[in-house]
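Please read the structure below before turning to the comments.
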Amino acid sequence: MLTMTYGITRIGEDGLSDVLGPLLIVGAAILLALFVLSQAKVRRPLLPLGILADRSRSGAYLGMLLLAIGPMGTFYVITLYLQDARHFTPVEAGTAWLPFASGSWWVRHWLL
């Protein structure tokens, strides 16, 4: 995941003209394939691949994954917007997220 994240970051900063970014993405895909193959062979895998054979369960996992990825990208983009377009300092941008963090804490501890 680190290789993929760094590759995406390199492509975002330098475009596809930088050779290292696409190579890192290809390397991440190879590492992911090796991980899946190794997990298929071990006795006690981190994620038993048989779980994904059930269509309902794999759809639910995919939905949870997409719901987790969406907000993470939003946090990153809004932080960039606050710092680049609105000229917030890093401390001001972090402080701007405090109402969101306190709201999610309140919901988690008082409503659930």
Side-chain angles (χ1 to χ4, degrees):
M1 294 295 108
L2 177 68
T3 305
M4 181 182 65
T5 303
Y6 186 56
I8 291 171
T9 303
R10 290 288 298 241
I11 291 173
E13 290 176 356
D14 302 329
L16 291 174
S17 62
D18 180 25
V19 178
L20 184 59
L23 284 176
L24 288 168
I25 299 294
V26 170
I30 292 170
L31 288 172
L32 180 62
L34 289 173
F35 175 75
V36 170
L37 289 173
S38 71
Q39 290 299 298
K41 294 179 181 179
V42 296
R43 187 168 41 117
R44 296 179 61 195
L46 294 172
L47 175 66
L49 297 178
I51 288 177
L52 300 177
D54 181 19
R55 192 171 169 189
S56 297
R57 187 177 288 172
S58 61
Y61 287 148
L62 179 63
M64 289 181 352
L65 177 68
L66 293 176
L67 285 173
I69 289 173
M72 292 302 132
T74 303
F75 296 152
Y76 178 68
V77 171
I78 291 176
T79 302
L80 285 179
Y81 167 75
L82 290 174
Q83 291 182 3
D84 292 341
R86 302 294 304 241
H87 305 293
F88 280 30
T89 65
V91 172
E92 290 171 335
T95 305
W97 280 109
L98 287 178
F100 176 80
S102 64
S104 62
W105 177 86
W106 187 83
V107 167
R108 198 171 49 241
H109 289 298
W110 294 101
L111 294 181
L112 297 181

[X] and [Y]: which non-hydrogen atoms are nearest, and at how many Å?
{"X": "E92", "Y": "H87", "answer": "OE1-O, 4.2 Å"}
{"X": "S58", "Y": "L52", "answer": "CB-O, 3.5 Å"}
{"X": "T3", "Y": "L24", "answer": "CG2-O, 3.3 Å"}
{"X": "F88", "Y": "A96", "answer": "CE2-CB, 4.2 Å"}

What I'd like to find out is whether the side chain of Q39 reaches to under 4.5 Å of the side chain of L46, using heavy atoms alone. yes

Tell me whether [X] shares a hydrophobic cluster with [Y], the cluster being built from Ile, Leu, Val, Met, Phe, Trp, Tyr side chains joined at under 4.5 Å.
{"X": "V26", "Y": "Y6", "value": "no"}
{"X": "M72", "Y": "M64", "value": "no"}
{"X": "F75", "Y": "I78", "value": "yes"}

Grouping ILVMFWY residues whenever side-chain heavy atoms fall under 4.5 Å, the cluster of I11 otherwise contains M1, M4, I8, L16, I25

Between [atom1] of [X] and [atom2] of [Y], what distance do you get to the nearest 0.5 Å?
{"X": "Y61", "Y": "I51", "atom1": "OH", "atom2": "CD1", "answer": "5.0 Å"}
{"X": "T74", "Y": "I69", "atom1": "OG1", "atom2": "CD1", "answer": "11.5 Å"}
{"X": "L23", "Y": "D18", "atom1": "CG", "atom2": "CG", "answer": "9.0 Å"}

